[in-house]
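Report on the following structure.
These numbers were taken from a predicted model, which means no experiment stands behind them.
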Amino acid sequence: MISRRTGLVTTAAALLTGASAPTATAASPRRAVPRPTTGARDGAGPRGDATSRGRLQRDVDAVLAAGATGVLAEVQTADGRTTARAGRADRSDPRCPVPWDAYYRIGSDTKTFTAVLALQLVGEGRLALTDTVERWLPGAVRGNGNDGRRITVAHLLRQTSGLNDYLAVSPDAADAFTPAGYRRSRFRGTAPEDQLKSALTRPPLWLPNAEHPERERRWGYSNTNYVVAGLIIEQVTGNTWAQEIHDRVIEPLGLRHTLTPGSSSYVPAPTATAYTWFPDVGRPTRRWPPAAGRTARSSAPPTTTVSSCAR
């Protein structure tokens with residue numbers, strides 16, 4: 001996430017409702033307009049010069065053609081905003097477009113927020129990138145060859161720790177990628193400590209060098225890294241991850257349409273229905289009722305709008 005104050009480009013795309021990110025129910029049919037890719041509501045609508053908007057619209061249309069139900073995108077530069085959308089808010093109503101100011105769950109964009117918190121604490125001298133996990137969470141990363149003494153904060157943020165992804169190694173990992181498995185587990189809350197324990201049931205993919213984290217060239221995307229980073233942030237500050245996100249990011253940047261929902265499955269209106277294409281299933285599964293994901297306590301992904309997130 002790049003602040004507009006830097007004058008650099010920020011791009012946000014949301015509501016790829018044919019993908020797997022959890023979101024909420026359909027926008028109200030009372031807000032429908034005849035064509036999904038045109039029109040405005042409550043002052044919202046397409047922005048940007050015709051050339052930029054046309055280029056972004058082609059990209060959005062390509063995402064839609066790849067299988068998404070609805071797409072909403074925005075690009076911000078020092079010269080202004082460009083927006084585009086395609087598709088619909090719900091497969092059952094072709095007249096209802098994705099709302100311009102739709103709320104959605106940001107999913108793994110949450111990692112950007114978490115990294116910002118960690119780097120702010122580093123800047124304040126309360127945390128160091130060279131601090132080991134063991135220093136802040138003694139004994140938490142042990143067993144099956146895992147060793148928190150070998151993993152630093154830098155390894156976590158860079159995805160170079162070697163820790164397994166708890167989602168990939170959990171006992172119900174295969175079942176989670178079926179419609180029935182999704183429906184069974186959509187409201188199941190899991191504490192971050194339990195997510196970490198799941199990851200530790202397998203040997204690490206590798207053990208990094210704590211003395212020189214910058215030299216680590218092995219890389220593996222793992223949600224566990226940011227679960228541990230969140231636990232360290234809570235240990236350093238004495239506050240919940242959600243409270244720190246609000247106080248250090250949401251409030252200072254004036255993100256009035258961004259909130260941390262905790263374990264609630266609620267997503268504010270307007271929004272769009274989310275769908276998931278599960279493997280070997282001929283049609284998308286509607287993610288309804290909406291689910292907050294598998295995280296308990298107060299660390300579920302924030303809910304925001306494209307314009308708010310792009311700030």
Exercise. When you measure from the side chain of T271 to the backbone N and O of P268, does any donor-acceptor pair fall under 3.5 Å?
Worked result: no
Below 3.5 Å, can you tabulate the donor-acceptor pairs from side chains in residues 201-213 to any protein atom, sequence neighbours excluded?
from	atom 1	to	atom 2	distance (Å)
T201	OG1	S198	O	2.6
W206	NE1	T160	O	3.1
N209	OD1	E211	N	2.8

Problem set entry | Main-chain N/O of L56 paired to D59 side chain as donor or acceptor, under 3.5 Å | no
Problem set entry | Nearest-0.5 Å distance that lies between atom CG in L196 and atom CG in N146 | 8.5 Å
Problem set entry | Cluster link V228 to V169, ILVMFWY, side chain under 4.5 Å | no
Problem set entry | Residue pairs, two or more places apart or on separate chains, that pass salt bridge (charged side-chain N to carboxylate O under 4.0 Å, His left out) and touch residues 155-170 | none
For this session: Tell me whether V141 is reachable from L137 by hopping between hydrophobic residues (I, L, V, M, F, W, Y) whose side-chain heavy atoms are closer than 4.5 Å.
Result: yes
Problem set entry | Any residue meeting side chain to side chain donor-acceptor pair (under 3.5 Å) with S52, in chain and number order, not counting sequence neighbours | D49
For this session: Name all residues meeting the salt bridge (charged side-chain N to carboxylate O under 4.0 Å, His left out) criterion together with R135; count only those two or more places apart in sequence or in a different chain, and write none if there are none.
Result: D131
Exercise. Hey, what do you get for OH (Y226) to CG (L157), rounding to the nearest 0.5 Å?
Worked result: 4.5 Å
Exercise. Between atom OG1 of T260 and atom CD1 of I106, what is the distance when rounded to the nearest 0.5 Å?
Worked result: 10.5 Å
For this session: Could you walk me through whether Y221 and S108 pass side chain to side chain donor-acceptor pair (under 3.5 Å), step by step?
Result: CA-CA 11 Å; Y221 187 92; S108 283; 3.1 Å; yes
For this session: State plainly whether one hydrophobic cluster holds both F187 and F177, where clusters connect Ile, Leu, Val, Met, Phe, Trp and Tyr through side-chain heavy atoms under 4.5 angstrom apart.
Result: no
For this session: Please identify each residue that fulfils side-chain contact (heavy atoms from CB on, under 4.5 Å) with A50, with sequence neighbours left out.
Result: none
Exercise. For R149, what residues pass the salt bridge (charged side-chain N to carboxylate O under 4.0 Å, His left out) criterion, not counting sequence neighbours?
Worked result: D147
For this session: Output, in order, the C-alpha distance, side-chain angles, deciding distance and verdict of side chain to side chain contact (heavy atoms under 4.5 Å, CB included) for C96 and D90.
Result: CA-CA 7 Å; C96 188; D90 193 287; 5.9 Å; no
Exercise. Between the side chains of E74 and Q76, does any donor sit under 3.5 Å from an acceptor?
Worked result: yes
For this session: Taking all heavy atoms of G220 and all of N225, pick out the closest pair and write down the distance.
Result: O-ND2, 4.1 Å
Exercise. Restricting to pairs with a member in residues 260-274, which pass salt bridge (charged side-chain N to carboxylate O under 4.0 Å, His left out), not counting sequence neighbours?
Worked result: none
Problem set entry | R91 side chain to R88 backbone, donor-acceptor under 3.5 Å | no
For this session: May I ask you to test the L163-I151 pair for a side-chain heavy-atom distance under 4.5 Å?
Result: yes
Problem set entry | Minimum heavy-atom distance between N164 and A199, given as atom pair plus value | O-CB, 3.4 Å
For this session: Evaluate the side-chain proximity of Y166 to D194: yes if any heavy-atom separation is below 4.5 Å, no if none is.
Result: no
Problem set entry | Distance in Å, L156 CG paired with T152 OG1, rounded so as to fall on 0.5 Å steps | 6.5 Å
For this session: Can you see which heavy atom on D61 is nearest to which on A86, and at what distance?
Result: OD1-CB, 3.5 Å
Seminar exercise, completed: Taking every heavy atom of Y266 against every heavy atom of R105, the minimum-distance pair comes out as O-NH2, 3.1 Å
Problem set entry | Pairwise distance CD(Q195) to OG(S170) - rounded to 0.5 angstrom | 10.0 Å
Seminar exercise, completed: For P192 and L231, the nearest pair of non-hydrogen atoms, with its separation, is CB-CD2, 3.9 Å
Exercise. Residues in side-chain contact (heavy atoms from CB on, under 4.5 Å) with D280, at least two apart?
Worked result: none
For this session: Could you tell me which residues satisfy side-chain contact (heavy atoms from CB on, under 4.5 Å) with R126, sequence neighbours excluded, listed by chain and number?
Result: L121, E124, V236, T237, R248
Exercise. Would R85 and V71 count as a side chain to side chain contact (heavy atoms under 4.5 Å, CB included) if you check the C-alpha gap in whole Å, the side-chain angles of each, and the deciding distance to 0.1 Å?
Worked result: CA-CA 5 Å; R85 66 178 176 179; V71 186; over 6 Å; no
For this session: Please answer: with hydrophobic residues joined when any side-chain heavy atoms are less than 4.5 Å apart, are L119 and I232 in the same cluster?
Result: yes
Exercise. What pair of heavy atoms forms the shortest contact from W241 to G230, and how long is it?
Worked result: CD1-CA, 4.1 Å
Problem set entry | Any side-chain heavy-atom pair of Y275 and R283 under 4.5 Å | no
Exercise. Can we say R142 and E134 salt-bridge, meaning some charged N sits less than 4.0 Å from an Asp/Glu carboxylate O?
Worked result: yes
For this session: Output all residues satisfying side chain to side chain donor-acceptor pair (under 3.5 Å) with R58, sequence neighbours left out; order by chain, then residue number.
Result: none
Exercise. Would a distance-only check, ignoring hydrogens and angles, find a side-chain to backbone donor-acceptor pair under 3.5 Å from Q159 to S222?
Worked result: yes
For this session: Give, for atom CZ of R53 and atom OG1 of T83, the distance between the pair rounded to the nearest 0.5 Å.
Result: 7.5 Å
Exercise. E244 and T240: side chain to side chain contact (heavy atoms under 4.5 Å, CB included), yes or no, with the steps?
Worked result: CA-CA 6 Å; E244 290 295 314; T240 65; over 6 Å; no
Exercise. Can you list every salt bridge (charged side-chain N to carboxylate O under 4.0 Å, His left out) pair that touches residues 112-123, not counting sequence neighbours?
Worked result: none
Exercise. Does the side chain to side chain contact (heavy atoms under 4.5 Å, CB included) test come out yes or no for V116 and V249, once each step is laid out?
Worked result: CA-CA 8 Å; V116 166; V249 180; 4.1 Å; yes
Exercise. Do the non-hydrogen side-chain atoms of T273 and T69 ever get within less than 4.5 Å of each other?
Worked result: no
Problem set entry | Any T276 side-chain heavy atom under 4.5 Å of P284 side chain | no
Seminar exercise, completed: For P179, the side-chain contact (heavy atoms from CB on, under 4.5 Å) test, sequence neighbours excluded, returns R183, F278, V281, T285
